[in-house]
Amino acid sequence: MPAPSFDSDGFVRLWPTTLLRRSLPSHDLANAELLRLVTEMEAGKTGEGKQDFTTDYRSGNILTVDNPAIGWLRDCINKTIIDYLKQAGLTYPVNWGLQGWANVNRRGDYHDPHNHPHAYLSGTYYVAVPPGREAPPENRPDLRPGAITFYDPRGFANMTAIRGDRQIEAEFTHRPQAGDLLLWPAFLMHFVHPNLSDEKRVSISFNATLKWSDDYLPRQG
Ligand SMILES: [Fe+2]
């Protein structure tokens with residue numbers, strides 16, 4: 001892709017942050033199997049003994065498990081990454097590896113704001129999302145249980161924004177549905193709001209880590 005430059009009207013738009021959402025086709029069958037698998041793995045019925053998918057979310061690599069639904073998900077993630085890279089305008093081969101982990105959030109569980117160091121892209125696939133994602137009446141009305149919020153990576157870019165300025169919102173919040181696959185640059189800070197349902201929220205997150213090639217280095221001058 002050519003370096004950014006002023007267009008014919010004299011504008012140049014810099015520093016884009018692109019996120020991608022896909023609702024994966026035919027996700028119902030796969031989600032039933034993924035939920036069964038994650039539940040069994042967490043209980044230690046399959047895999048490497050009992051596991052904690054609420055806080056110990058970086059252990060192992062669930063995307064290497066030999067299971068048809070995992071294979072389907074792995075293919076969907078890779079296809080989505082290819083589309084993302086095409087949209088970014090990359091015209092040369094890029095190779096990556098995937099590491100995935102399951103998240104099981106019970107009532108009150110959340111993930112603090114964080115990003116994913118050492119990865120290029122990160123994402124989450126939503127296996128089970130509890131209904132009733134409005135704030136319970138006893139809580140403040142602006143709670144967004146189960147949502148995910150992303151933050152403008154350019155610190156304080158919003159501080160002088162005015163009405164109608166697209167920089168006025170320093171955060172972007174999405175309420176995912178089962179079957180959603182989200183993909184974003186790994187540097188992007190994000191916060192997973194608490195689950196306020198008695199039903200579990202189950203998702204599979206992943207990092208795409210580049211297999212390094214010197215071709216990735218920007219051409220200078
Ligand atoms: Fe994350």
Side-chain angles (χ1 to χ4, degrees), residues 15-24 27 30-31 34-35 37-39 41-42 51-65 70 73-74 76-85 87-88 96-130 133 143-155 169-197 199-210:
W15 305 300
T17 305
T18 303
L19 289 76
L20 177 58
R21 170 187 170 257
R22 289 267 162 84
S23 178
L24 298 186
H27 57 254
N31 282 356
L34 291 170
L35 183 60
L37 177 70
V38 169
T39 304
M41 287 177 72
E42 193 178 42
Q51 298 184 67
D52 177 356
F53 286 153
T54 301
T55 55
D56 186 16
Y57 49 85
R58 286 294 189 86
S59 61
N61 185 355
I62 195 170
L63 292 176
T64 60
V65 171
I70 288 289
L73 178 59
R74 200 169 50 231
C76 290
I77 291 171
N78 282 326
K79 283 178 189 155
T80 304
I81 290 174
I82 289 168
D83 288 346
Y84 185 100
L85 296 176
Q87 188 279 337
W96 61 87
L98 291 176
Q99 194 233 338
W101 61 96
N103 309 286
V104 177
N105 286 171
R106 297 173 175 83
R107 174 179 277 276
D109 289 339
Y110 63 97
H111 288 301
D112 286 310
H114 65 283
N115 57 12
H116 294 199
H118 308 298
Y120 184 63
L121 297 170
S122 296
T124 296
Y125 175 69
Y126 293 88
V127 175
V129 177
R133 286 175 291 155
L143 289 181
R144 291 162 288 179
I148 183 167
T149 294
F150 298 90
Y151 299 95
D152 191 334
R154 305 161 307 156
E169 292 293 347
E171 62 174 72
F172 172 75
T173 296
H174 176 65
R175 295 180 186 236
Q177 301 178 345
D180 273 4
L181 175 63
L182 299 182
L183 185 65
W184 62 85
F187 62 75
L188 205 54
M189 294 290 285
H190 52 284
F191 167 60
V192 178
H193 294 248
N195 177 17
L196 296 182
S197 165
E199 290 182 36
K200 291 184 292 188
R201 181 181 59 216
V202 178
S203 61
I204 293 175
S205 292
F206 56 91
N207 283 331
T209 305
L210 293 181

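Since the model is a prediction, treat every value here as computed from it, not as a measurement. Read the numbers this way: they start at 1 and go in the same order the structure lists the ligands and their atoms.
Excluding waters, the protein N/O/S atoms found under 2.8 Å from the Fe ion (ligand 1) are H114 NE2, H116 NE2, H190 NE2.
Below 30°, between 30° and 60°, or above 60°: for H114 and H116 the angle between ring planes is below 30°, a parallel geometry.
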request  = For the pair L183 and F206, evaluate side chain to side chain contact (heavy atoms under 4.5 Å, CB included) and give the outcome as yes or no after the intermediate values.
outcome  = CA-CA 9 Å; L183 185 65; F206 56 91; 3.8 Å; yes
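At a cut-off of 3.5 Å, with distance as the only test, no side-chain donor of T209 or H118 sits close to an acceptor on the other residue.
Within the 4.5 Å cutoff, the side chain of T17 has no heavy atoms near those of the W184 side chain.
By the side chain to side chain contact (heavy atoms under 4.5 Å, CB included) test, E169 pairs with no residue at all, sequence neighbours left out.
The backbone N or O of T18 sits less than 3.5 Å from a side-chain atom of Y84, completing a donor-acceptor pair.
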